[in-house]
Amino acid sequence: MFPKIVVCGGRPLKGRVRINGAKNAALAMLCGVILARDNVVIDNVPDISDVRHIIQVITHLGVRVSWRKGDTLSINVPALRMREAPYELVKKLRASNLLLGPMLARCGEVRIPLPGGCNIGARPMDLHFKGLSALGARLSLDKGYVFARASRLKGAQVYLDFPSVGATENIMMAACLAEGQTLIENAAKEPEVVDLANFLNGLGARIFGAGTDVIRIEGVKELGRSVQYSVIPDRIEAGTFMMAAVATGGKVEIEGVIPRHIQPLTAKLREVGAEIVEGEDTLLVQRTDEPLHSVNVKTMPYPGFPTDMQSQLMALLSVTPGTSVIVENIYESRFQVAQEYRRMGARIKVEGRVAIIEGVPRLFGAQVRATDLRAGAGLVVAGLLAEGETEVSGADLIYRGYKDFEDRLIGLGADIRRNNAVGSGLAFGEKSDIGRRNITTRLE
Ligand code: EPZ
């Protein structure tokens, strides 16, 4: 399938949009369910391709998953019949690396393909291995697979050289069933890490301090409680709609969010010149009549400005008067989208981890290609503000993290549509129900 999104720009977005559950929290929880001994229900799970892929992977391992109404998953883990996640499934989804910790804790061994790099960076796993080895796991690399074994995990003190989200999550999940206490120092503080910790505590884990630099985990024998848990709203999806509202000179109410999680972006957009009113679980975002102001931004671990909003911000800064500077401190190559913005008339100079953006009066529609999920979202934002028609190819990358993206933008007044795939395969937009089909078969 080669789906494309076609956007006709120049229409201010107006109206309301409700935010879905957080992709990166849901993916971590769907790996964490490996630890569960009783039934689990997870609400507010976004039905996006990354979630369907992780469901395929855990179903392969023996987890039983069924979609209930809309966005609720019913899960139980009778016994794990497989210890290995197959390359064909894992290659689609880097987050499968979050199976290492729970599989080690639950069944003492696991073999998963080492996730490859991607368009934004090498994505190493040295901090994951450092932490799991400290807990007593023996890890080896063989023919592109990570093989990990541990007869009994023992609590340890682990210092993370970088507050890696994935490493924090893997070590936290493994430590839930380790003997004794584990301390993770310089831990990631992202809201998705806190959501995972709250979910695991609902299962019976004893995790303290999530959201701070030091997370303490008291190991328990098993996670025997059943739980019904709701995933937090997706702060990056919310931020993407906020950026689109400002970029098109519109006025949009973002509903069903946790404003505190989006504070870094709210502060930066206010600096650019947007007006943002925070409600309890809403954000009213609008452009004022004032011209936009150029800004400098550095992506940082939470609570700094999120790297996953960097491409979208670059689209807006491309038409912001003056010179803006973005420093990308998380990934070594997350500026590939700049080349695509240049095709639309942007003036962006990239030097290593620094992008210098000279605002131009307008962008012009062009044929562009999404190089990663967030670059794709950024190109749609650029298409919404550009003069003329923009065709974004590689839209399947966008559907990894955004559910009903065009439909919700249409609901805000955008002129946007999907281009059906040419040639074999489903007409794009049909639910391929890959993840659903396997599950249904399994439960018959
Ligand atoms: C999570 O990836 C998110 N993905 C990413 O979102 C997000 O960009 C990232 O955190 C940072 O916030 C999921 O949660 C599924 P990291 P993760 O480990 O865990 C270095 C999206 O678009 N590092 O915090 O892989 C690494 O090189 C995706 O939704 C090591 O050096 O991120 C990178 O530069 C993209 N050694 C930095 O840390 C390690 O062992 C951030 O990685 C691990 C990481």
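Excluded from the calculations below are hydrogen atoms, water molecules and symmetry mates; all remaining heavy atoms, backbone and side chain alike, are included.
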Applying salt bridge (charged side-chain N to carboxylate O under 4.0 Å, His left out), can you list everything that pairs with [X], at least two apart in sequence or on another chain?
X    : answer
E278 : R270
E218 : R216
E88  : K91

Less than 3.5 Å apart, which donor and acceptor atoms pair up between the side chains of residues 230-244 and the rest of the protein, not counting sequence neighbours?
unit_1: D234; atom_1: OD1; unit_2: I236; atom_2: N; d: 2.9
unit_1: D234; atom_1: OD1; unit_2: E237; atom_2: N; d: 3.0
unit_1: D234; atom_1: OD2; unit_2: K23; atom_2: N; d: 3.0
unit_1: R235; atom_1: NE; unit_2: E192; atom_2: OE1; d: 3.3
unit_1: R235; atom_1: NE; unit_2: E192; atom_2: OE2; d: 2.8
unit_1: R235; atom_1: NH2; unit_2: E192; atom_2: OE1; d: 2.9
unit_1: E237; atom_1: OE1; unit_2: N20; atom_2: N; d: 2.8
unit_1: E237; atom_1: OE1; unit_2: R408; atom_2: NH2; d: 3.0
unit_1: E237; atom_1: OE2; unit_2: N20; atom_2: ND2; d: 3.3
unit_1: E237; atom_1: OE2; unit_2: R408; atom_2: NH1; d: 3.1
unit_1: T240; atom_1: OG1; unit_2: I236; atom_2: O; d: 2.7
unit_1: T240; atom_1: OG1; unit_2: Q312; atom_2: NE2; d: 3.1
unit_1: T240; atom_1: OG1; unit_2: Y402; atom_2: OH; d: 2.7

Listed partners of F199 passing ring-ring contact (aromatic ring centres under 6.0 Å, His included), at least two apart |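 By the ring-ring contact (aromatic ring centres under 6.0 Å, His included) rule, F199 matches Y229.
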Return the set of residues passing side chain to side chain donor-acceptor pair (under 3.5 Å) with [X] (not counting sequence neighbours), or none when no residue passes.
X    : value
K189 : D213
N97  : none
N170 : H128
Y302 : none

Atom pairs and distances, donor-acceptor, side-chain atoms in residues 134-142, under 3.5 Å, two or more places apart:
none

Would you find a donor on one side and an acceptor on the other, under 3.5 Å apart, between the side chain of E255 and the backbone of I19?
->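 A pair under 3.5 Å: no.
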Tell me the side chain to side chain donor-acceptor pair (under 3.5 Å) pairs involving residues 158-169, sequence neighbours left out?
->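 Pairs touching residues 158-169 that pass the test: K130-D161.
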Sequence neighbours left out, what pairs pass salt bridge (Lys or Arg N to Asp or Glu O under 4.0 Å) with at least one residue falling in residues 29-46?
->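 Sorted pair list: R37-E222.
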